[in-house]
Amino acid sequence: MEFWDTDVLIVGGGPVGLTLAIDLGQRGVRCILVDKRPKPAFLPKMERCNARTMEIFRRLGIVNEVRKAGFGQDLPMDVFVIRTLQDPPIAHHPYPSVNQLKAEGAATNDGSMPAEPYQLISQYTLEPLLKGVAEDTPSISVRFGHELETFAEDEDGVTALVRDLEGKKVSIRAKYLAGCDGGGSTVRGQLGFELVGESLLEMHQALYRAPGLFDSIPIGQGRHYHVADEKSTFLIVQDDTVHFTLHAVVEDASEMVELFRKTVASPIEFEMLYVGKWTQRLMLADRYSTRRVFIAGDAAHLVIPTGGLGMNTGVGDAVDLSWKLAATLAGWAGPELLSSYEAERRYVGARNVNASKQAAVGRRTWRSICGPLAFEESSQGEIHRQKIRELVDKEQRKSNELLGIELGYRYVGSPLIFEEGGDVPDSNSFDYTPTTWPGSRLPHVWIENGTPIQDMIDPNGYTLVNLSGDLNAGESFERGFRKLSVPFRTLSVSSSAARKVYERDLLLLRPDMHVAWRGDKAPANIDEIAARASGFTSLAAAGS
């Protein structure tokens, strides 16, 4: 039997596991990623990286690669409710292209927009791209065709047994293990963690190749076309505009060919490449970690695609876990740093499951009155379509306009964050209001030379953003972090726009750009702030 040794073993080679591997690899951490599939599958499970994920990809240096591989940056992201692609739409919600959002963002400096807009990219495009990046990163070993069988955790690490496609077994010794292996997670199952929540509709999904369809849609190009029928039929344009997926509640998979033909309603040539069943689930794991084993992505939370929060929440898990693992392996993390992963990300997981449920309820509300009457060419049919339109305008936006959920999450109750009193911002709002309330992501602001301030935040240590004008304001913080041998730097910025958005003169940021503390002057308890922010429960623990 072969024996491999690494710092972190990652189980699962989807977007979450690959993002975790890339982030760890760029921090110099040795990791092995295993996936039981021989290669990434040609299945479009997800189709949009939201703004926060694209900011993360920017920090990983791959944002341009992702955009180049994805949906055209000049194409609109419109959403339609239809009878067929040939009939006037019942409802049409226009959404800007990536390039339109970039232009709007370049002209906006009030913190309300992200550093990177969203990007439509199919999972079957994104996975091979991320896999290639991981394979090109020296400290990462990517091993598709290797399935985890068992693992055992001890005081010093984890020993795992994997089997390749030919049945050969390999023993892997790692300091930590991360289960990013999806809703049927082997890692979660062996840990005994339970998924708690609810199951909703059982649907069929089919993938089609229809090369001439996108350019011939008479009602307008977009990304989503919801059919106002009783089957919850939903057509999605994939990133190359040649492939399409259709979701619907049908009795038998054979119905999906005729349903696609009926939705398109024109003599277009197409081929159905795949059809399968899936169930809408809203679930959260009761635990996210032990001392040396962690779960992330769909292994930790199952989110209905309404709102596109599944994979994107998982990418957030990956970057939170990555910097904490890297800090622990580097020797400067306090004992509570890694354990804070569960406190922070399970809170966000619960929040995002709830947001997805709100979006799903909104969609079910207007769909509940859909059916044959919506297709009638009569005055009664038109009156009914107007009722649908009114409900769609109110409820469907919850699935497509949730920047507050994407950017406004905050690590509430984290042992690493110095909470404040007063009127706490609503971190569950679908609307985004920029804030530096402790625990929040640093809002995007352009500084005077045209650089996003996010690009200047150190990914490998703590950063004090100093807007006070006093170049010595960070000295006491530097002493506090130096006592703990924790990486720290001061970033002094002269920017009236940043000061207005950031609300305070001094912001202490973690490597993931979340605010740990803020104030207008150096406080008396800097040593305590430095200790807690880096994972020490007390000054005594930090000094021991």
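Side chains included, hydrogens not; waters and symmetry mates left out as well; all remaining heavy atoms used. Heads up: numbering here begins at 1 and tracks the sequence.
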Please work out whether the ring planes of Y288 and H301 are parallel, tilted or perpendicular, with thresholds of 30° and 60°.
tilted
Working to the nearest 0.5 angstrom, can you tell me the gap between Q238 CD and H243 NE2?
9.0 Å
Below 4.0 angstrom, N of the basic side chain to O of the carboxylate: do E406 and R52 qualify?
no
Of all heavy-atom pairs between Y95 and E401, which one has the smallest distance, and what is that distance?
OH-OE2, 2.6 Å
Tell me whether R58 is salt-bridged to E116, with the criterion being a basic N under 4.0 Å from an acidic carboxylate O.
yes
For D252, all residues meeting side-chain contact (heavy atoms from CB on, under 4.5 Å), sequence neighbours excluded:
S254, E255
State plainly whether the residues E2 and K168 are in salt-bridge range, i.e. N to O under 4.0 Å.
yes
Ion pair check, K169 and E149, cut-off under 4.0 Å:
yes
Do other residues, nucleotides or ligands put more than 12 heavy atoms under 6.0 Å from K102 NZ?
yes
Mind checking whether Y409 and H514 have parallel, tilted or perpendicular rings, split at 30° and 60°?
tilted
Relative to each other, are the rings of F481 and F488 parallel, tilted or perpendicular (30° and 60° limits)?
parallel
Carboxylate-amine/guanidinium contact E344 K324, below 4.0 Å
yes
Closest approach of A299 and D181, non-hydrogen atoms and distance?
CB-OD1, 4.0 Å
Could you pull out all residues at least two apart from L201 that satisfy side-chain contact (heavy atoms from CB on, under 4.5 Å)?
M203, S232, V249, Q280
Got a second to check how far L126's CG is from R48's CZ, nearest 0.5 Å?
13.5 Å
Name the orientation class of the two ring planes belonging to F294 and Y176 (parallel below 30°, tilted from 30 to 60°, perpendicular beyond 60°).
tilted
Minimum-distance pair of heavy atoms, taken over all atoms of G314 and V16
O-CG1, 3.4 Å
Side-chain H-bond candidate by donor/acceptor type, E47 with H224, under 3.5 Å:
yes
Is it the case that the side chain of D229 and the backbone of T233 share a donor-acceptor pair, with hydrogens and angles ignored and the cut-off at 3.5 Å?
yes
Note: D320-R345 ion pair, threshold 4.0 Å (strictly below)
no
Over all heavy atoms of both residues, which pair between A355 and L309 is shortest? Give the atoms and the distance, please.
CB-CD1, 3.9 Å
Could you tell me the separation between the CG atom of L207 and the OH atom of Y274, rounded to the nearest 0.5 Å?
9.5 Å
Tell me whether K398 forms a cation-pi arrangement with F430, defined as NZ or CZ under 6.0 Å from the six-membered ring centre and within 45 degrees of its axis.
no
Thinking salt bridges, do E153 and R291 make one under a 4.0 Å N-O criterion?
no
I'd like to know if the side chain of S122 and the backbone of T125 have a donor-acceptor N/O pair within less than 3.5 Å.
no
In Å, rounded to the nearest 0.5 Å, how long is the span from CD of E65 to CG of L129?
5.5 Å
Once you measure the plane-to-plane angle for H247 and F234, does it fall in the parallel (<30°), tilted (30-60°) or perpendicular (>60°) bin?
tilted
May I ask you to check whether over 12 heavy atoms, not counting those of E198, lie within 6.0 Å of atom CD?
yes
To the closest 0.5 Å, what do you measure between CD1 (I32) and CD1 (I140)?
11.5 Å
Contact summary for R287 and E342, nearest pair of heavy atoms
CA-OE2, 3.9 Å
Could you report the tightest heavy-atom contact between R27 and S322, atom names first, then the distance?
NE-OG, 3.6 Å
Kindly assign one of parallel, tilted or perpendicular to the pair F214 and F244, based on the angle between their ring planes and the thresholds 30° and 60°.
tilted
In this structure, are over 12 heavy atoms from other groups packed under 6.0 Å from E258 atom CD?
yes
Please round to the nearest 0.5 Å and tell me the distance separating atom CD of E127 and atom CG of L18.
6.5 Å
Any salt bridge between D5 and R30, counting N to O under 4.0 Å?
yes
Salt bridge flag under 4.0 Å for residues E55 and R441
yes
